[in-house]
Amino acid sequence: MMYLAGMSYVHMGFFQFKYVPWDADIVLISSLYMLCGYYGFHYYTRLPHKPIVGLAILFVYAVLIVRKYQGVLRFSFYLKAHNIANSFLGAFIPLTLCLGVFILSDYMTQWGWFKWLLPLGWYSGMIMYSHKMIFDVVAKFAILDHWGIQIIAGLIAPILIALAWRYFKRWFNTHRTPSTT
């Protein structure tokens, strides 16, 4: 219901805000994805026939790519810019494709591939909350204003900041003087 409420209007002005203030409509829309992720995480381990589901989702990927290339599928999904072209596809496509990524990631973990990506998972919160800021800082320097450099900086800098913070906390906890009470 929250998703439908967030999708139910075309344009709404509110005082000086172009859209609903503080992106309240984005919260309504993204609550569907959050709830599906929260409850889906608990039921994912009990999902039967993961290889068949993964192959079916791979087929959906292929069909969507071909249909988009042919110009038949006119689907765009820009949540902050409110360009969700179709409410059903806006709910169906991201959830289906995310499930496919989870299944693929699960198998890649079981096979032992890409263990070098583990730090990205360990520090995903720090990366998620700071990558845009780092993109903006890097873009201020003309010599570094390239998407490849921004991606590398947006991944490495948050990891280094998180490692430095962890080191500082450890150092502080071992070197502080005990209180006398």
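Hydrophobic clustering (side-chain heavy atoms under 4.5 Å, transitive across Ile, Leu, Val, Met, Phe, Trp, Tyr) groups F92 together with L73. At a threshold of 4.5 Å between side-chain heavy atoms, the hydrophobic network of Ile, Leu, Val, Met, Phe, Trp and Tyr places L95 and V101 in one connected group. Two different hydrophobic clusters hold I93 and M34 under the rule that ILVMFWY side chains link at heavy-atom gaps under 4.5 Å. Hydrophobic cluster membership is shared by L120 and W111, with clusters built from Ile, Leu, Val, Met, Phe, Trp and Tyr side chains linked at under 4.5 angstrom.
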Extract all donor-acceptor atom pairs below 3.5 Å that involve side chains of residues 35-57 and protein atoms in other chains or at least two apart in sequence.
unit_1, atom_1, unit_2, atom_2, d
Y44, OH, F102, O, 3.4
Y44, OH, D106, OD2, 3.2
K50, NZ, Y44, O, 3.4

Compile the donor-acceptor pairs under 3.5 Å between side chains in residues 135-157 and protein atoms, sequence neighbours left out, one pair per line.
unit_1, atom_1, unit_2, atom_2, d
D136, OD1, K132, NZ, 3.4
D145, OD1, Q150, NE2, 3.1
H146, ND1, G148, N, 3.0

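Between Y123 and L163, some side-chain heavy-atom pair lies under the 4.5 Å cut-off. Taking 4.5 Å as the limit, every side-chain heavy atom of I159 sits out of range of all side-chain heavy atoms of M126. Under the 4.5 Å side-chain criterion, counting only non-hydrogen atoms from C-beta, P94 is in contact with Y33. Y107 places a side-chain heavy atom less than 4.5 Å from the side chain of Q110. Between Q70 and R67 there is a side-chain heavy-atom pair separated by less than 4.5 Å. For the pair P158/I134, a side-chain contact is recorded, criterion being any heavy-atom separation below 4.5 Å from C-beta on.
Across every non-hydrogen atom of L97 and Y61, the tightest pair is O-OH, 3.2 Å.
Expressed to the nearest 0.5 Å, how far CG of L99 lies from CG of L104 amounts to 11.0 Å.
Listed by chain and residue number, nothing satisfies the ring pair (Phe, Tyr, Trp, His ring centres under 6.0 Å) test with F59 (two or more places apart in sequence, or in another chain).
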